[in-house]
Amino acid sequence: HPSAEGDAGHLRQVFGRMGCTDREIVALSGAHAVGRCRKERSGYEGAWTDDPYTFDNSYFTKLIEVHKSGKAAEGQLMLPSDLALMNDPIFAAHVRVYAEYEDIFRADFA
């Protein structure tokens, strides 16, 4: 299973076993728009977005913000495995598309 500490290579290894492309890995990561981390399960606590009950492209816009600023807003988080998407040029290109075009994200996620 994917590790919260994983880098881009780890994500490709884990999801590649399931036949996922880089684009599909990034699209699946968008599921972090909903829900939150629980300390007892992952060692991390917090939500990725302002509204963890709404499925939209806000995970990607937040990911770009955190990558630029170097920190998440209070009560929110980005895992090392999330930030790995911005540290890899191929993954980062998909993040930028999904941040700008929610309809493309939704189509690819579906």
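Hydrogens, waters and symmetry mates play no part in the numbers below; they use all other heavy atoms, side chains included.
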Identified side chain to side chain contact (heavy atoms under 4.5 Å, CB included) partner of I25 from the options T21, D22, L28: D22
Compute the centroid of each ring, for F55 and then for F105, and state whether the two points are separated by less than 6.0 Å. yes
D51/V34 under side chain to side chain contact (heavy atoms under 4.5 Å, CB included): CA gap, chis, key distance, verdict: CA-CA 8 Å; D51 183 359; V34 294; over 6 Å; no
What do the steps show when you test Y59 against M78 for side chain to side chain contact (heavy atoms under 4.5 Å, CB included), and what is the final call? CA-CA 9 Å; Y59 165 77; M78 283 292 165; 3.9 Å; yes
Considering all heavy atoms of both residues, which atom of A99 and which atom of I64 are nearest to each other, and what is their separation? CB-CD1, 3.5 Å
Closest non-hydrogen atom pair between L63 and D82, with its separation: CD1-O, 3.5 Å
Any donor-acceptor pair under 3.5 Å linking the side-chain atoms of D108 with those of Y98? yes
So, D7 side chain and H10 main chain: donor-acceptor pair closer than 3.5 Å or not? yes
Spatial distance of atom CZ (R36) from atom OG (S42) [nearest 0.5 Å]: 10.5 Å
Do I90 and I104 belong to the same hydrophobic cluster, where Ile, Leu, Val, Met, Phe, Trp and Tyr are linked whenever their side-chain heavy atoms lie under 4.5 Å apart, directly or via other members? no
Looking only at atom types and distance, does a side-chain atom of T49 sit under 3.5 Å from a main-chain N or O of A33, one as donor and one as acceptor? yes
Short side-chain to backbone donor-acceptor contact, E45 and R38, under 3.5 Å: no
The complete set of ring-ring contact (aromatic ring centres under 6.0 Å, His included) pairs with one or both residues in residues 62-96, sequence neighbours excluded, reads none
Measure the NZ-OG distance between K62 and S69 for me, rounded to the nearest 0.5 Å. 9.5 Å
All pairs passing side-chain hydrogen bond (donor to acceptor under 3.5 Å, both in side chains) where residues 70-80 contributes a residue, at least two apart: D50-Q76
As a quick check of understanding, evaluate side chain to side chain contact (heavy atoms under 4.5 Å, CB included) for W48 and S58, giving each step before the final call. CA-CA 9 Å; W48 287 269; S58 62; over 6 Å; no
